[in-house]
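Report on the structure given below.
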There are 2 protein chains.
Amino acid sequence: MRLVVAECTVDYRGRLEAHLPRAVRLIMVKADGCVAIHADGGAYKPLNWMNAPNSLVEEPGRWVVTNPKGEELVITLHRVVSDTTHHLGPDPGLQKDGVEAQLRDLLAGRPELIEPGLTLIRREYPTDLGPVDLLLADPGGGTVAVEVKRRGEIDGVEQLARYVERLELDPRLAPVRGILCAERISPQAKVLAAARGLGTTEIDYARLRNAGSSEPTLF
Amino acid sequence: MRLVVAECTVDYRGRLEAHLPRAVRLIMVKADGCVAIHADGGAYKPLNWMNAPNSLVEEPGRWVVTNPKGEELVITLHRVVSDTTHHLGPDPGLQKDGVEAQLRDLLAGRPELIEPGLTLIRREYPTDLGPVDLLLADPGGGTVAVEVKRRGEIDGVEQLARYVERLELDPRLAPVRGILCAERISPQAKVLAAARGLGTTEIDYARLRNAGSSEPTLF
DNA sequence: ACGTTGAGATTGCCG
DNA sequence: CGGCAATGTCAACGT
């Protein structure tokens, strides 16, 4: 990884056009060839960048980065403060925990938190349009399809509506209700869900995680 | 901006949990206090990070970053290869050209380019599902809702369909037609739009920009 | 402060 | 390679 601190101006032409006036910035060039230009603020996102694969041509005081899609990043170096290179080697990569799949599995073990009386038929129930996160039996008869999200947005409502429409065609399952489960559900998503005849339930995932799926509730 | 190259392990606990095994990486600390941990590849996104505002406590061989939301990033430093600090100063910021808002405003001044005879009612017309980019009066009666995109894809068609469906409920606007405007519209989006009864119009934004909104057309 | 939308989104998955 | 969906999405803007 090469790290250059320099006073520079930058021009990008590609999906849009962008220009950076003259200032001191960090230019990061990674081993895969990608280039990122960072200011001393503004979270982790660089001001400008060019992802791999690309081609970097270095002239005195001017770097030109181009990629096969015809995008171009031109860095004009007015004054170089520092220019260092380090060999980092390969990275073992990030291990994640706590994404949608885990939340779905926790809810599968506590379906009564979605609505009292519901019992699990199976998770990832397959349909022609893709798998439904949870399929539950309604004690009043019929079936309940559940779409699990961290955040409930309009897209999730549309997805659930398609599943319910599809499952209704199966006489063994009909009638089918749909419920969108998420930690937070946006007002627009609630409006659209109501208009589509779908239910929405907000779930406290933090409490769900702590309680676990094997322990019965004490209250 | 402080740049530390070090062999480290990293643990994050917050919206999810994540762990980075021992390896050599770049740790970037910006003036606003945000911390980012980069490998030597993988585009510009860091493996792990903590945005400002936060608090960094530095012990020998161990950095602990916490923020007011209760998230925590722990960096264990096994071996420091390099540790440098540079003062970059404030950045004048990025100048962009060619984004959706600009295209929308240009079209608002030249609605006849969407379809002859159309006149502007207002831009960003609010609905329960979000704002419609442009609402136009149809000389033949009724209203036209326009969704403006740089690239017309299936998502834009779905979005427009929801708006039209919603606007139809308002007797002062009905009947409502929908038109998707973009520089390029994908074949799939055209098919879906036709199936939904929506129009599509491809716009030459470069010419629109050069012509400006105040100049009448000469031909 | 909160919510919604756009982004040069990026990134991974699967067909 | 292209579509689809998730992301600790981020960042801008309006209420």
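Computed from heavy atoms alone, side chains included, the values below leave out hydrogens, waters and symmetry copies. Sequence lines set the chain letters: A, B, ... in the order given, protein chains first and strands last, and positions in each chain run from 1.
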(Q) Below the 4.0 Å mark, does C:dG6 have OP1 or OP2 next to a side-chain nitrogen or oxygen of B:Gln159? (A) yes
Q: Would you kindly give the CD1-to-P distance between A:Ile154 and D:dA6, to the nearest whole Å?
A: 15 Å
**Q.** Considering all heavy atoms, the nearest B:Asp32-A:Ala43 contact
**A.** OD2-N, 3.9 Å
Q | Distance in angstrom units between B:Glu124 CD and D:dA12 P, rounded | A | 17 Å
Q. More 5' along DNA chain D: A:Val148 or A:Tyr44, using each one's nearest nucleotide?
A. A:Val148
Q: Using the C1' atom as the reference point in each nucleotide, state the distance between C:dA7 and D:dT7 in Å, no decimals.
A: 13 Å
(Q) Taking the nucleotide of DNA chain C with the nearest heavy atom to each, does A:Ala189 or A:Asn48 sit closer to the 5' end? (A) A:Ala189
Q. Pick the nucleotide of DNA chain C nearest each of B:Ala101 and B:Lys45; which residue has the one closer to the 5' end?
A. B:Ala101
**Q.** Among D:dC10, C:dG8, D:dA5, the nucleotide that comes nearest once only the side chain of A:Lys149 is considered
**A.** D:dA5
Q. Taking the nucleotide of DNA chain D with the closest heavy atom to each, which residue, A:Arg162 or B:Ala18, is nearer the 5' end?
A. A:Arg162
Q: Inspect the surroundings of CD in A:Glu165 and state if more than 12 heavy atoms from other residues, nucleotides or ligands are less than 6.0 Å away.
A: no
Q: Give the rounded distance in Å between these two atoms: CZ of B:Arg15 and P of D:dA6.
A: 17 Å
**Q.** For the student: nearest non-hydrogen atoms of A:Tyr44 and A:His38, plus distance
**A.** O-CE1, 3.2 Å
Q) Roughly how many Å is it from NZ in B:Lys96 to C1' in C:dG8, rounded to a whole number? A) 7 Å
**Q.** Sugar-phosphate, base or nothing in reach of A:Arg151, heavy atoms under 4.0 Å
**A.** sugar-phosphate
Q. Has B:Arg104 got more than 12 heavy atoms of other residues, nucleotides or ligands less than 6.0 Å from its CZ?
A. yes
Q | Nearest-Å distance once atom P is located in both D:dA11 and C:dT11 | A | 15 Å
**Q.** Nucleotide nearest A:Glu71 (side chain, heavy atoms from C-beta), chosen from C:dG6, C:dG3, C:dG8
**A.** C:dG8
Q. Hey, does the side chain of B:Arg123 come within less than 4.0 Å of D:dC13's phosphate (OP1/OP2), counting only N and O?
A. no
**Q.** Closest contact, heavy atoms only, A:Ala23 versus B:Asp91
**A.** CB-OD2, 4.1 Å
Q. Rounded to whole angstrom units, what separation is found between the CG atom of B:Leu47 and the C1' atom of C:dG12?
A. 15 Å
Q.
Nearest to the B:Leu16 side chain among C:dG8, D:dG8, C:dT11, which nucleotide is it?
A. D:dG8
Q. So does B:Asn51 reach the base of D:dG8 with its side chain, donor to acceptor, closer than 3.5 Å?
A. no
Q: Measure from CG on B:Asp32 to P on D:dA11 and round the result to the nearest Å.
A: 10 Å
Q) Among D:dG8, C:dG8, C:dT11, which nucleotide sits nearest the side chain of B:Ala43? A) C:dT11
Q. So, A:Tyr12 versus A:Glu71: side-chain donor-acceptor pair below 3.5 Å or not?
A. yes
Q | B:Leu94 CG - D:dA11 C1' separation (whole Å) | A | 12 Å
Q | For atom CZ of A:Arg104 and atom C1' of D:dA5, their distance in whole Å | A | 14 Å
Q. For the side chain of B:Tyr163, counting heavy atoms from C-beta on, which of D:dC10, D:dA6, C:dT5 is nearest?
A. C:dT5
Q.
Mind checking if B:Glu147 touches a base, just sugar-phosphate, or nothing, with heavy atoms under 4.0 Å?
A. sugar-phosphate
